[in-house]
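In what follows, a structure is listed as structure tokens, so that the remarks can point back to it.
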Amino acid sequence: MFKRRATVWVLPLVLSGCGTGRKSQWETPQPPAATVAQTKTAEPANDAGAAAENSWQRRSSKAALQDAVARWESILAANPADGATWAKISRAYYFLADGYLRTDPKSDAYLDTFEKGTGAGERALAAISPEFKARVVKGDDVEDAIKVVGPEGLAAMYWYAVNLSKWSRAKGLAALLGNKERVKSVVSRVLELDETFFHGAPHRYFGAYWALVPVGRDLEKSKQHFDKSLALAPHYAGTKVLMAESYAVKKQDKALFLKLLDEVLAMPEDAIADLVPETRVEKDKARELKAKVDELF
Amino acid sequence: MSSFSPKVKRRRLLAAGAGVGVGTLLPRAQAQTTFTLKLATVAPEGTPWAEQVAEYSKKVQAESNGRLRIKAFLGGALGDEIQTIGECRRGSIGMWGGTTGSLASSVPEISVLELPYLFRSAQEADHILDKVLAEELRRRLLARGFVVVLWSENGFRSFGTKWGPIRAPGDLQGHKMRSQESLVHLETYRALGALPQPIAITEVLPALQTGVVDGFDNTPLYTFAASWHLAIKHFTLSQHIYQPGLILLSKKEYDKLPPNLQKILTSDLDKITMNGRAAVREMDPLLLQNFNAAKIPVYTPSAAERAALAKATSVVEQKLVKAVPTVKPLLASIKKALGSRKG
């Protein structure tokens, strides 16, 4: 009577640490491919590091940002176990996608850039915590293994998680659902180790998480996390933009939405001296969101 | 409170009303009026259902030259499905998107579509919903205060369990399973020897984690959306219940609209309907990969095992007919149509 079906055990993948929809790079500490720009010709590591930092400081220019990535990649060509540099690249890719490519979230470039940021974060984690790497290679879940990573891995964990989160969202619903617990567990570890990391970043993440989670939304928790993040870093524009976009929209609190965005627009660009490029991007996002107010409320 | 937010530009209304009677004013004012309909759904953002609602909303707004706007409240922002379907019927919410499982609380005979192992494929369900029962269901829903906009789908429901795969009816014997609070769902579990526990969606994960229940049934998509996969060891692709979804209009609110806008809301929706169903169906293979990544084995019962499960649950049909006699003609039509397709 019924359509014939094969009896199949679909076995779990034995590839340890393989996230949903992409192949993880825990075991690939080889030099990076020249992904953003041509790898620079060899130069002493100190000079290359200083030049990369110089380009990074000028990241309000897309070309300078790409140059910073290329220079860091050339450093890694000589020392692929340099976890701190992998973490810098992970952050740089995140900023490249979020700052310069976000207006076309369906583009391959947007997706690929977050993929590269995620891969760099994985390599950073593997380099910084050999114990973590050993566990995931053995087959432990990242969600469990992440608990062995200490404060030295904060940047690697955070930039890995947020790149993976944005990549998953861009990739599609299946990837988003498949990776959300992993992202949550990694940011939870950051929160546990240092709630002040990157201007209250873990609280900022959970503010958005509890507003946007598909099932089990908790706007009270969302607000508590956003409030905490703002208390820790009142001048970080990204918190206000994200709170407007997630919490205020879900709460349908138009007045709060506009207040938060207006505060961002009124902020001086150097509200946080070393984050001028990020603040500029957040101001752009605030303008983009304000233009959609009638659509959102 | 009406779900409509009719807005008439004051200057235009005054101009229209100046020196004329109400009888003259109303049609002219109505021609200037814009309407906003609230649409309630538990479908989360980013899902194929949310995209379908967005596509529909865009079409309606474009065809009405901006006079009709649909404001979608996703992710249960206006309440759960059973609560909001009641509000839609009363007219305090203009539109509703949800599953037939919840609609059964207002329209009990709709449960017939969820009888276990009724459909062998989504295409069979499409045939019944689009060809065989389309008019009859439209009429019945209208009588209960709803205007059908389009039929979508939640998909086939399967078992997630903490102890092992479901190969035979006896495998569920004595296990506490989270169930939707609907006669068909409850009786399906009872027919398999399980102990159904109606638990609110938001309470299911803690119930699984603390042992209040040993498993559940739902689609792979919902299983991951709600993170229920975190608390199970096996997923059996039993596909025992097909669950349609649909978008409805409150008849009370619909009746307040001018005929041309009514037509826009319910016409030329084949493309949006088919796009939505295709998007839901395309998700399944990707979601099965998610189980692999989460190290949860997925078991697909053999044809013989499906037949045994279907036989064990065939009693649910009689129980539904006894409880809701008005399903009889619907069931007869379905069986006749499916019989002729098989033949």
Side-chain angles (χ1 to χ4, degrees), chain A residues 1-24 105 139-144 168-182 184-185 208-219 245-246 249-252 294-297, chain B residues 42-48 50-51 69 71 73-77 117 120-121 165 167 201-205 220-230 235 237 239 279 282-307 310-311 342:
Chain A
M1 167 177 184
F2 293 101
K3 191 192 288 180
R4 186 164 180 79
R5 284 170 183 269
T7 306
V8 190
W9 275 99
V10 183
L11 292 172
L13 286 183
V14 287
L15 289 174
S16 52
C18 193
T20 300
R22 55 179 296 280
K23 184 163 171 48
S24 301
D140 285 4
D141 292 333
V142 171
E143 290 83 338
D144 293 327
S168 303
R169 190 170 288 278
K171 181 75 176 169
L173 186 63
L176 186 64
L177 297 178
N179 288 317
K180 77 182 165 74
E181 294 303 324
R182 176 173 295 188
K184 186 183 170 195
S185 68
Y209 176 88
W210 287 113
L212 301 175
V213 65
V215 178
R217 177 182 302 156
D218 189 331
L219 289 178
E245 187 179 16
S246 56
V249 171
K250 292 300 170 193
K251 185 86 177 166
Q252 283 294 289
D294 289 339
E295 210 178 294
L296 297 169
F297 294 89
Chain B
V42 299
E45 272 174 74
T47 58
E51 285 167 17
R69 186 180 171 220
K71 174 79 185 143
F73 290 84
L74 303 169
Y117 295 102
R120 293 172 305 179
S121 67
R167 295 188 179 92
I201 284 284
T202 50
E203 300 303 318
V204 176
L205 183 57
L221 195 154
Y222 203 88
T223 299
F224 276 93
S227 298
W228 294 352
H229 67 287
L230 295 177
F235 194 80
L237 211 54
Q239 301 189 324
E282 280 168 12
M283 295 282 299
D284 274 350
L286 300 171
L287 290 160
L288 291 179
Q289 287 175 21
N290 281 6
F291 282 111
N292 293 339
K295 300 176 186 173
I296 298 168
V298 176
Y299 180 71
T300 304
S302 67
E305 287 167 344
R306 276 179 64 87
K311 188 176 176 191
K342 285 166 200 168

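In this text the structure is predicted, and so the values were computed from the model without any measurement. Convention: sequence-line order gives letters A, B, ...; per-chain numbering from 1.
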To the nearest 0.5 Å, atom CG of A:Asn179 lies from atom CZ of B:Phe224 at 10.5 Å

Any idea which heavy atoms bring A:Asp140 and B:Lys295 closest together, and the distance?
C-NZ, 4.0 Å

For a quick test of reading the model, state the closest non-hydrogen atom pair linking B:Leu74 to A:Arg217 and the distance between them.
O-NH1, 3.8 Å

Please report the shortest heavy-atom distance between A:Leu173 and B:Pro48, naming the atom on each side.
CD2-CD, 3.8 Å

With chain B, the option among A:Glu295, A:Arg169, A:Glu143 that has the most non-hydrogen atom pairs under 4.5 Å is A:Glu295

Which atom of A:Phe297 lies closest to which atom of B:Arg69, heavy atoms considered:
O-NH2, 3.5 Å

Looking at every non-hydrogen atom in both residues, tell me the closest pair between B:Leu221 and A:Leu177 and how far apart they are.
O-CD1, 3.7 Å

Over 12 foreign heavy atoms within 6.0 Å of NZ, A:Lys251
no

Applying a strict 4.5 Å limit to non-hydrogen atoms, the region of A:Leu176 in contact with chain B is neither

Minimal heavy-atom distance between B:Met283 and A:Ala174, with the atoms involved, is CE-N, 3.8 Å

Structural part of A:Lys180 lying under 4.5 Å from a heavy atom of chain B:
side chain

Heavy-atom distance under 4.5 Å to chain A: side chain of B:Phe235, backbone, both or neither?
neither

